[in-house]
Amino acid sequence: DVKVTQSSRYLVKRTGEKVFLECVQDMDHENMFWYRQDPGLGLRLIYFSYDVKMKEKGDIPEGYSVSREKKERFSLILESASTNQTSMYLCASRGGAGGSYEQYFGPGTRLTVT
Amino acid sequence: QQPVQSPQAVILREGEDAVINCSSSKALYSVHWYRQKHGEAPVFLMILLKGGEQKGHDKISASFNEKKQQSSLYLTASQLSYSGTYFCGTDPDSWGKLQFGAGTQVVVTP
């Protein structure tokens, strides 16, 4: 079974802090994604990476950056956390290129910024 | 632009049927369906590709009207395990950068 793990289930940070969310997948997938999930809005794509050191902006990249130094690990960085970044963050990976492959999601990190 | 899902919520008794709709304003390459139970990660159900190919769950069916950019998910003879929030994800260009709808909450009661 594909396993996608995220470093924390719950995280509380203060406004202005730098925050790192880590995601690791164990299936040698090339593509990895970061989403945020908010009630009534569904999942929105922040960034995705189609290979090591490659990244592309999603629909809501403002205030975020990413890092992918190794194939199995994709990190989401909040440079200076703000209260409007309080949300559930979901990481996903996908085995193949193109839209015919399903995405496998991690359990999520619920981030609260106070 | 995110696809529009309807209804927002539906309550069913075990054994009843329901349809969840997903509509996009863009031409689509594929539509993906996921189900998320409370406190858990979304789980893949089905992919419908332009041209008619489907891949996914053998107990849940779906359709994809390419001309109308619409997809429907059919929950037939619902079971308690069908409860959860269903999301459609649309892919306009085969890159897999999905845009998800807001979700449809399904509650199946005994």
Side-chain angles (χ1 to χ4, degrees), chain A residues 1-6 8-10 23-25 27 29-51 54-61 66 74 87-110, chain B residues 1-6 8-9 20 22-24 26-57 62 64 66 71 84-105:
Chain A
D1 276 356
V2 176
K3 195 164 184 183
V4 180
T5 56
Q6 295 183 229
S8 307
R9 289 300 302 267
Y10 300 93
C23 175
V24 177
Q25 50 93 3
M27 283 300 291
H29 283 174
E30 290 181 350
N31 303 159
M32 296 186 74
F33 306 81
W34 274 106
Y35 296 90
R36 66 176 281 176
Q37 183 174 22
D38 300 289
L41 295 177
L43 288 79
R44 292 178 293 165
L45 182 64
I46 304 171
Y47 267 97
F48 86 101
S49 168
Y50 49 91
D51 205 344
M54 307 299 278
K55 61 186 179 186
E56 273 207 26
K57 293 179 180 179
D59 296 320
I60 52 164
V66 290
F74 191 33
S87 186
M88 171 69 86
Y89 289 88
L90 290 163
C91 173
S93 73
R94 184 183 67 196
S100 61
Y101 291 85
E102 65 266 39
Q103 295 186 17
Y104 296 87
F105 285 86
T109 296
R110 185 165 294 282
Chain B
Q1 187 135 10
Q2 290 181 275
V4 177
Q5 274 186 247
S6 63
Q8 287 186 327
I20 301 170
C22 176
S23 180
S24 173
K26 301 179 187 178
L28 299 175
Y29 173 80
S30 66
V31 179
H32 300 220
W33 287 95
Y34 290 80
R35 177 174 62 209
Q36 185 178 31
K37 293 187 181 280
H38 185 69
E40 298 180 9
V43 172
F44 167 74
L45 294 176
M46 181 162 292
I47 291 175
L48 301 106
L49 297 165
K50 189 175 175 180
E53 186 182 345
Q54 294 187 15
K55 182 171 98 166
H57 208 286
F64 177 24
E66 296 168 32
S71 178
T85 301
Y86 290 75
F87 294 98
C88 69
T90 56
D91 180 10
D93 56 15
S94 85
W95 274 88
K97 288 171 63 177
L98 299 181
Q99 292 185 310
F100 284 91
T104 295
Q105 186 176 10

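Below, read A as the first sequence line, B as the second, and so on, with proteins coming before strands; counting in each chain starts at 1. For clarity, every value in this text was computed on a predicted model and none was experimentally measured.
Contacts between B/Gln36 and chain A at a heavy-atom distance below 4.5 Å involve the side chain alone, from C-beta outward. Within the 4.5 angstrom heavy-atom criterion, no atom of A/Arg110 approaches chain B. Only the side chain of A/Gln37 comes within contact range of chain B, with heavy atoms under 4.5 Å apart. For A/Leu90, the part sitting under 4.5 Å from any heavy atom of chain B is the side chain, from C-beta outward, and nothing else.
Contact detail for A/Leu43 and B/Gln2: the closest heavy-atom pair is O-NE2, 4.0 Å. Between B/Ala102 and A/Gly40, the shortest heavy-atom contact is CB-O, 3.3 Å. Across all their heavy atoms, B/Ile47 and A/Glu102 have their closest contact at CD1-N, 3.6 Å. When every heavy atom of A/Gly106 is checked against every heavy atom of B/Ala41, the shortest pair comes out as O-CB, 3.0 Å. Residues B/Leu98 and A/Leu45 share a closest heavy-atom pair of O-CB, 4.3 Å.
You'll find the side chain of A/Gln103 stays beyond 4.5 Å of the side chain of B/His32, heavy atoms only.
Around atom NZ of A/Lys57, no more than 12 heavy atoms belonging to other residues, nucleotides or ligands sit under 6.0 Å away. More than 12 heavy-atom neighbours from other residues, nucleotides or ligands sit within 6.0 angstrom of CD on B/Glu66.
Rounded to the nearest 0.5 angstrom, B/Tyr34 OH and A/Phe105 CZ are separated by 5.5 Å.
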